[in-house]
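Okay, so here's the structure we're looking at.
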Amino acid sequence: MVHTPVSHGESTYSVNIELFYDILANTGLMEIRVHISDSSSVTMLEIPLTFLGERVGVLVINVSASPETGSLIYEHDEYSRVLKVITSNVTRVSAWFTVENIAENYAPGIYGFFLSLVEFANASSLRFSMNVYGSYDITVENLLDRAYNGTAYFSNPFTLLILDRPSLYFILITMRIEEQTPNQPSPLLSNYFLLIGTIIGVGVAGSLLFLWWRRRASLELEAVAARDLLNDEVARDIILALGRAGDKSLQQSELVNITGRPKSSVSRRIKKLEEEGYVNVVRAGKYNYLRLTDKGYEAFRKVASKEKKNE
C-alpha cells in the first residue's frame, strides 16, 4: 500500500491512475498521480507497482513534481517493485510508466486480469481509469464488494473502465461484435451472418488449439518426468538460480526474468521440482516464493559443478 509518513503528523493524499492500453499488443502507457494535501512538510511515498499483477512488466519513464519549485527524489526498487519518492513543497507527484503483459488471452478475443486496488486503501480518494484501444465489452467482478463493479462504456476510439473503490477485481475484456443497423440494405445480412459464422469457426478452432496446447503441455511434463529431471535445461536453470540466491527466496516471476525461459515452461518445471522434493513453494497471497530443499541444494552442487567443468 502507499505510505505517507511525514515529519509533522500525517498528510492526506489522493491517487489517480490512468492506463492507456492496446489489448491486442498487450502493451501500453500508465500515469500515476498522487495529490498531497500538505506540501509544507517532507513527504515520503511508497507507490506499489504490483497492483496490476505479478507477471506485468513495468518500466519507469519519468517522475515529476508540481510545482517545479519543490524538490523531488525518487528510486525504483525493482526487486520489491515499489517506486519510492521523497518530496518537499510539492502538491502533486506524476509518474509515467510503460506496461506490458497485463492481460491473459484465454481464447480468441477474450482477455482477463486481476486488479488489486486494495493496496491504495489509505488514500483519501482513488480513481482508476483504463482506456482500452478499440471496441470491447468489459465485465468487472468485485471479489470483495460485489455491490460495486465500476463503470464501463465506449468512447471512440477507446473502451473506458472507471473504478473508484480500493478492492480486488477480476476484469474480463471481450471483443465486441458490432450489430448491424436497421437502415442497412438487406443484402448485407448475408455478409453479417457470414461474419458470425467465421467468428464462431475461429472460436471453435481456438478452442481446439487451446486443447491441443494443454495436451502438448501435459505431454511435455510427462516427458520431463520420464527422464532424469536434472538433465532438463529449464529445471537446471531454475535450480542454479535458486542455489545462487542462497537463503533468499525468489518469486516465480523473478525466476522467469533470471532464466530467460517462457513463463509456462518455468511454471511446469517448478511444479515437477516441487513434486520431486527439490524445491519448497510457499504461497503468500498471490505470490509464490521458492527455495531449495536439502535435496535441491545437493542437486545444485552437482549441476553447478557440471556447469563449471563445461566452462
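Numbers here are sequence positions counted from 1. Fair warning: this is a prediction, and the values are worked out from it, not measured in the lab.
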Quick one, I32 with F51, criterion side-chain contact (heavy atoms from CB on, under 4.5 Å). Give me CA distance, side-chain angles, the key distance, then yes/no. CA-CA 12 Å; I32 299 179; F51 61 92; 4.0 Å; yes
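- The neighbour count for F20 CZ, taken as heavy atoms of other residues, nucleotides or ligands under 6.0 Å away, is above 12.
- Connection of V82 to L72 is not established within any shared hydrophobic cluster, with ILVMFWY side chains joined at heavy-atom distances below 4.5 Å, either directly or through further cluster members.
- Between E274 and K271 there is no salt bridge, since none of the side-chain N atoms of the basic residue sits less than 4.0 Å from a carboxylate O of the acidic one.
- Across A103 and I23, no two heavy atoms sit closer than the pair CB-CD1, 3.6 Å.
- Side chains of V56 and R81 form a contact here, defined as non-hydrogen atoms less than 4.5 Å apart.
- I36 is not listed as a side-chain neighbour of T91, based on a closest heavy-atom distance of 4.5 Å or more.
- In this structure, V140 and I171 have side chains that are in contact, with non-hydrogen atoms separated by less than 4.5 Å.
- Summarising the geometry of V234 relative to S265, their closest heavy-atom pair is CG1-O, 4.1 Å, with the distance given to 0.1 Å.
- Inter-residue side-chain proximity for Y13 and N122 is flagged as met; some heavy-atom pair is nearer than 4.5 Å.
- Remark: F113 engages no residue in a ring-ring contact (aromatic ring centres under 6.0 Å, His included) (not counting sequence neighbours).
- For T159, the side-chain hydrogen bond (donor to acceptor under 3.5 Å, both in side chains) criterion is met by no residue, not counting sequence neighbours.
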List the steps, then state whether side-chain contact (heavy atoms from CB on, under 4.5 Å) holds for I270 with I238. CA-CA 8 Å; I270 287 174; I238 293 171; 4.1 Å; yes
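- More than 12 heavy-atom neighbours from other residues, nucleotides or ligands sit within 6.0 angstrom of CG on N62.
- The minimum heavy-atom distance linking P48 with E119 is given by the pair CB-OE1, 3.2 Å.
- The distance from the CG atom of L29 to the CG atom of L19 is 8.5 Å, given to the nearest 0.5 Å.
- Following chains of ILVMFWY side-chain contacts shorter than 4.5 Å, one cannot reach I61 starting from V93, and the two form parts of different hydrophobic clusters.
- Nearest heavy-atom pair, R33 versus S94, reported as atom, atom and distance to 0.1 Å: CG-OG, 3.9 Å.
- Nearest heavy atom pair, residue A241 against residue I258, reads CB-CG2, 3.9 Å.
- In this structure, R236 contributes its side chain and N231 its backbone to a donor-acceptor pair below 3.5 Å.
- The CE atom of M130 lies 8.5 Å from the CG atom of L115; values are rounded to the nearest 0.5 Å.
- Criterion: ILVMFWY side-chain heavy atoms under 4.5 Å apart, direct or through other members. Under it, L250 and Y297 are part of a common hydrophobic cluster.
- Considering only residues two or more places apart in sequence or on other chains, E141 meets the salt bridge (charged side-chain N to carboxylate O under 4.0 Å, His left out) condition with R146.
- Partners of N26 by side-chain hydrogen bond (donor to acceptor under 3.5 Å, both in side chains), not counting sequence neighbours, listed by chain and number: Y21.
- Residues L273 and I239 have side chains in contact (heavy-atom distance under 4.5 Å, counting atoms from C-beta outward).
- Scored by the ring-ring contact (aromatic ring centres under 6.0 Å, His included) test, Y111 finds no partners at all (sequence neighbours excluded).
- For the atom pair OG (S125) and NE2 (H35), the distance works out to 8.0 Å, reported to the nearest 0.5 Å.
- Between I162 and R127 there is a side-chain heavy-atom pair separated by less than 4.5 Å.
- Looking only at side-chain heavy atoms (C-beta outward), R301 and S305 stay at 4.5 Å or farther from each other.
- Distance alone, capped at 3.5 Å, is enough to place a donor-acceptor pair between the N149 side chain and the N142 backbone.
- In this structure, the side chain of T293 engages the main chain of Y278 through a donor-acceptor pair within 3.5 Å.
- Annotation: R261, atom CZ; neighbour count of heavy atoms from other residues, nucleotides and ligands within 6.0 Å is above 12.
- At least one side-chain heavy atom of L240 sits less than 4.5 Å from a side-chain heavy atom of F300.
- Heavy atoms only, all atoms of each residue included: L126 and R165 are closest at CD2-C, 4.0 Å.
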Determine, stepwise, if the pair R55 / S253 fulfils side-chain contact (heavy atoms from CB on, under 4.5 Å). CA-CA 6 Å; R55 65 189 290 272; S253 60; 5.8 Å; no
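- Atom CG of residue L83 and atom CG of residue L49 lie 6.0 Å apart, to the nearest 0.5 angstrom.
- We find the CG-OG1 distance between L172 and T139 to be 5.5 Å, quoted to the nearest 0.5 Å.
- A donor-acceptor pair under 3.5 Å is absent between the side-chain atoms of S116 and the main chain of S167, judged by distance alone.
- For the pair S155 (side chain) and F158 (backbone), a donor-acceptor distance under 3.5 Å is absent.
- Taking Y148 as the reference, nothing meets the ring-ring contact (aromatic ring centres under 6.0 Å, His included) condition, with sequence neighbours excluded.
- When the side chains of ILVMFWY residues are joined at heavy-atom separations under 4.5 Å, either directly or via intervening members, I73 and V63 end up in two distinct hydrophobic clusters.
- W96 and M30 fall into different hydrophobic clusters, where Ile, Leu, Val, Met, Phe, Trp and Tyr side chains are chained together by heavy-atom contacts under 4.5 Å.
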Determine, stepwise, if the pair L242 / L290 fulfils side-chain contact (heavy atoms from CB on, under 4.5 Å). CA-CA 8 Å; L242 290 173; L290 295 92; 4.0 Å; yes
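- Counting only distance, with no hydrogens or angles, the side chain of T259 and the backbone of L255 share a donor-acceptor pair below 3.5 Å.
- Within a 6.0 Å sphere centred on CG of L144, heavy atoms belonging to other residues, nucleotides or ligands number more than 12.
- With rounding to the nearest 0.5 Å, the separation of CD in Q252 from NZ in K263 is 7.0 Å.
- Between the side chain of S66 and the main chain of R92, no donor-acceptor pair closer than 3.5 Å is present.
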